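Just so it is clear, the model here is predicted, and its values are computed rather than measured.
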Amino acid sequence: WVFKVEYNSDGSVRRFKARIVACGYSQIGGLDYDWDSIYASTLSSDSMRVFLFCANENGDELCEADVVKAFTHAELEESIYMAPPEGYAPKDGKVCLLRKGVEGLKQGANGFMKLNATVMDSLGLKRSMLDPNVFTLTKDGTSLRVGVYVDNLLCAHTKGEKGRAMCAEFFKAYGQKINLEIRGPPKAFMGVQIEHDVGKGTLFLHQKQYIEKAFDKFCDKSTKLFTTPVQTSACDAFTKLRAAETDEERMQMSDKPYLALMGSILWAIVMTRPDCAFYAGFLCQFMSDPTIDCWYAAIALLSYMYNTRTLGLLYKRCGHVRLSVYCDSSYGASPKPMYGYVVFANGTPVSWSAKKQKIVPQSSCEAETYALNAGCRALIFIKNLLAELNTTAELPMATHTDNDAARLTAINPGTTARTKHFESWLRYVRELYLNLVITVNWVPTKEQIADLFTKPLDKTTFLYLRSLLMTEQR
């Protein structure tokens with residue numbers, strides 16, 4: 001048995017849940033399950049934001065539903081036996097033969113994913129080619145879009161009676177095949193609190209409640225609150241953090257839940273907190289062998305997030321969709337420097353990343369071109385996903401870099417002695433430029449928003465760039 005308390009968006013208790021969970025760790029691969037049947041995709045963070053952005057831009061209404069006991073709906077292809085749960089033990093010593101999946105089985109999530117896709121197809125919804133957890137249906141000028149995250153369905157339908165009728169018809173037909181609980185307009189989804197005003201055309205996403213819970217779990221009242229992830233005087237020390245090298249250093253971390261702390265921080269960052277992406281990405285390098293300094297840096301990062309927990313992403317309806325991306329790299333800091341990008345939709349981030357490059361660039365031009373390439377791939381994904389959601393982005397889309405050599409390399413055909421070794425995939429940006437899909441623009445470093453994703457910044461610069469990314473909750 002696994003017991004869980006489910007909360008409402010305001011923190012009040014919604015219900016107490018008791019679930020029977022199988023000990024899937026005792027299953028034998030190839031005997032109890034097929035190795036190819038354990039994969040199950042879920043709605044990505046980028047897709048979720050694009051989905052909600054598109055709904056707000058089109059003036060759609062939102063509705064949420066929850067599949068009741070999702071994994072128990074899919075039929076099992078293998079013969080699986082399970083010991084009876086505590087409190088239900090037959091006197092003759094018999095065990096349970098599972099006809100359908102239960103939570104905990106290796107193939108449980110995969111089975112529900114396939115069943116859900118089959119049901120969606122039977123109801124006439126078209127599955128996205130870019131994200132298999134996004135479905136669309138258009139009929140007589142009325143549209144319905146569905147995003148699926150595990151067992152939660154997020155629906156966006158055309159505003160008005162026709163849209164609501166289509167959504168209700170979908171829920172009724174879906175519920176006849178898979179048990180469904182309709183919750184109405186969502187207050188939260190995937191741990192993200194949603195404040196949607198259809199009339200005003202605004203959508204605000206934040207994780208105030210989630211961050212408060214994380215802070216209460218890992219910190220206490222004596223924890224100092226910070227206004228930036230890293231203090232200006234500690235920027236150099238932060239970049240010099242390293243993995244543990246001695247047994248003494250490892251002993252200091254023996255009772256510190258560093259992995260759990262970083263996992264809690266990462267979920268907030270990939271959903272609504274792009275301002276902390278670099279700092280979390282840097283600290284994740286030491287997940288397997290952190291030092292006590294890494295722990296204190298992570299606590300300081302969580303403290304900053306708690307102190308600014310009212311920050312979020314504000315989307316406003318504009319009547320058009322204009323995409324742009326800022327890309328940057330910190331060449332020279334290490335053989336494989338950090339790079340980052342942030343994709344904007346009508347001035348608000350919908351996708352971002354801060355990672356270490358997989359190549360050893362020979363120049364700042366090559367490092368910046370690598371970042372530009374990664375940013376353009378994300379930009380094209382967002383554009384294509386919007387198209388599948390029946391929303392067209394304006395062309396050409398603007399890309400921004402603060403390295404003029406990278407800009408010239410992208411827009412000018414041919415090679416030079418300094419660029420002839422570039423891999424062919426680095427020329428992807430040039431192809432997009434020549435096809436009039438993007439423009440490549442130079443911006444001064446002080447206006448380079450992606451600088452926030454490549455290195456620790458002083459307080460003044462950090463707060464200025466953050467103001468271009470995020471909005472304070474009203």
Salt bridge flag under 4.0 Å for residues Arg317 and Glu57 = no
request  = Report the residue from Tyr210, Phe218, Phe215 that forms a ring-ring contact (aromatic ring centres under 6.0 Å, His included) with Tyr306.
outcome  = Phe215
query = From Leu130 CG over to Glu388 CD, what is the distance, rounded to the nearest 0.5 angstrom?
reply = 4.0 Å
message = Using the rule given for side-chain hydrogen bond (donor to acceptor under 3.5 Å, both in side chains), can you reason through Thr308 versus Arg273, listing the C-alpha separation, both sets of side-chain angles and the distance that settles it, and then say yes or no?
response = CA-CA 10 Å; Thr308 57; Arg273 296 301 300 259; 2.8 Å; yes
query = Would you say Lys17 has more than 12 foreign heavy atoms packed within less than 6.0 Å of its NZ?
reply = yes
task = For the pair Lys159 and Asp60, find out whether any cationic side-chain nitrogen is under 4.0 Å from an anionic carboxylate oxygen.
result = no
inquiry  = Between Leu98 and Tyr81, is there a side-chain heavy-atom distance shorter than 4.5 Å?
reply    = no
query = Just checking, any donor-acceptor pair under 3.5 angstrom between side chains of Thr118 and Lys177?
reply = no
task = Assess the pair Phe286 and Tyr258: is the distance between their ring centroids shorter than 6.0 Å?
result = no
key: CE on Met166 to SG on Cys155, rounded to 0.5 Å   = 11.5 Å
request  = Compute whether any side-chain donor of one residue and acceptor of the other, for Tyr341 and Asp328, lie under 3.5 angstrom apart.
outcome  = no
message = Within the supplied structure, the quantity of interest is the number of heavy atoms (other residues, nucleotides, ligands) at a distance under 6.0 Å from Arg99 CZ; does it exceed 12?
response = no
ask   = Got more than 12 heavy atoms from elsewhere within 6.0 Å of CG, Asp220?
value = yes
query = In a check of side-chain contact (heavy atoms from CB on, under 4.5 Å) between Arg145 and each of Thr158, Leu137, Asn58, which one passes?
reply = Asn58
query = Does a donor on one side chain and an acceptor on the other come within less than 3.5 Å for Asn133 and Ser47?
reply = no
request  = Walk me through it: do Gln107 and Gln27 pass the test side-chain hydrogen bond (donor to acceptor under 3.5 Å, both in side chains)?
outcome  = CA-CA 10 Å; Gln107 62 268 57; Gln27 289 182 264; 3.1 Å; yes
ask   = Below 6.0 angstrom between ring centroids: does that apply to Tyr279 and Tyr304?
value = no
Thr272 and its side-chain hydrogen bond (donor to acceptor under 3.5 Å, both in side chains) partner, picked from Gln207, Arg49, Gln193 = Gln207
ask   = Is a salt bridge present between Lys172 and Glu169, judged by a nitrogen-to-oxygen distance below 4.0 Å?
value = no
message = Tell me if the centroids of the rings in His206 and Phe204 come within less than 6.0 Å of each other.
response = yes
key: Spacing of Asp66 atom CG and Glu6 atom CD [to the nearest 0.5 Å]   = 6.5 Å
query = Can you tell me how far the CG atom of Asn116 sits from the CD1 atom of Ile178, to the nearest 0.5 Å?
reply = 5.5 Å
inquiry  = Nearest 0.5 angstrom please: Phe189 CZ to Arg183 CZ, how far?
reply    = 10.0 Å
inquiry  = Quick check for you: to the nearest 0.5 Å, what is the distance between Leu385 atom CG and Ser128 atom OG?
reply    = 5.5 Å
ask   = Between the side chains of Asp46 and Ser351, does any donor sit under 3.5 Å from an acceptor?
value = yes
